[in-house]
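Treat the numbers as computed from the prediction; the structure is a model and nothing was measured.
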Amino acid sequence: MSTILLIFCVLSVITIATAFLTIYSRNPIHSAIYLVICFFSIAGHYLLLNSEFLAIVHIIVYSGAIMILFLFTIMLMNLNKENEVYKPRFTRLGAIVIFCLMCLVLIAILIHSKPIVGEYVTTGEDYQSIKVLGKVLLNEYMVPFEFASILLLVAMIGAVLLSKKEKNNP
């Protein structure tokens, strides 16, 4: 077995395990930490695809900024209460069954997939460079880029409003 295949398998196991633990963990802080580990393992997949810039941006944006926002939201809302009502076992069991079925479907797709046979046509343009990526992002994908920024802003405002305590006037 080659080294890259071994690294891919290890990263895949880490990604799937931490994604499962993110959903199944009762403690929201632990879920956030598992999600950070999942994000780092996905960045490892980007590195295996020789996409170093995308891996670094993924680490900075997702593992850094967005997870910090999640942790602040969890801490502001004080979700780590012992009297918190948890989902019944039937609901959790259903989530586990759906997760296992989805894993089986993905494994079946992976096993039955065939490699692409044919000519690989290259244009000679380097899509790894930051200059080309910036041009594509700010020309062709400007509107979705701005929608994503507005969505993050609205989510942050919503988190602040949800965590805001109401004053009781007697």
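Between E52 and L54, the closest side-chain pair of non-hydrogen atoms is not below 4.5 Å. Residues I4 and L48 form a side-chain contact, since some pair of their non-hydrogen atoms from C-beta on lies under 4.5 Å apart. Looking only at side-chain heavy atoms (C-beta outward), L101 and V97 come within less than 4.5 Å of each other.
For F20, the ring pair (Phe, Tyr, Trp, His ring centres under 6.0 Å) partners at least two apart in sequence or on another chain are Y24, F99. Applying the side-chain contact (heavy atoms from CB on, under 4.5 Å) test to L153 and every residue at least two apart in sequence or in another chain returns M156, I157. By the ring pair (Phe, Tyr, Trp, His ring centres under 6.0 Å) test, H45 pairs with F8, sequence neighbours left out. Applying the ring pair (Phe, Tyr, Trp, His ring centres under 6.0 Å) criterion to F40, with sequence neighbours excluded, gives no partner residue.
Interatomic distance, CG of L47 versus OG of S41, reported as 11.5 Å (0.5 Å rounding). Within the model, atoms CD1 of I107 and CD1 of I16 stand 6.5 Å from one another, a figure rounded to the nearest 0.5 Å. Distance OH/Y34 to OG1/T22: 8.5 Å, rounded to 0.5 Å. Note that OG of S12 and CG of L5 are 9.0 Å apart. Values are rounded to the nearest 0.5 Å. Between the CD1 atom of I42 and the CD1 atom of I59 there is a distance of 11.0 Å, given to the nearest 0.5 Å.
When all heavy atoms of T18 and I14 are compared, the pair lying nearest together is OG1-O, 2.7 Å. Contact between A43 and A55 at its shortest, heavy atoms only, is O-CB, 3.5 Å.
Put simply, F39 and I23 are part of two different groups of oily side chains (I, L, V, M, F, W, Y) that touch within less than 4.5 Å, one to the next. Hydrophobic clustering of Ile, Leu, Val, Met, Phe, Trp and Tyr side chains at less than 4.5 Å, counting indirect connections, unites V61 with L35.
Pairs passing the side chain to side chain donor-acceptor pair (under 3.5 Å) check and including a residue from residues 103-112, sequence neighbours excluded, do not occur. Pairs of residues two or more places apart, or lying in two chains, never qualify as ring pair (Phe, Tyr, Trp, His ring centres under 6.0 Å) while including a residue from residues 132-157.
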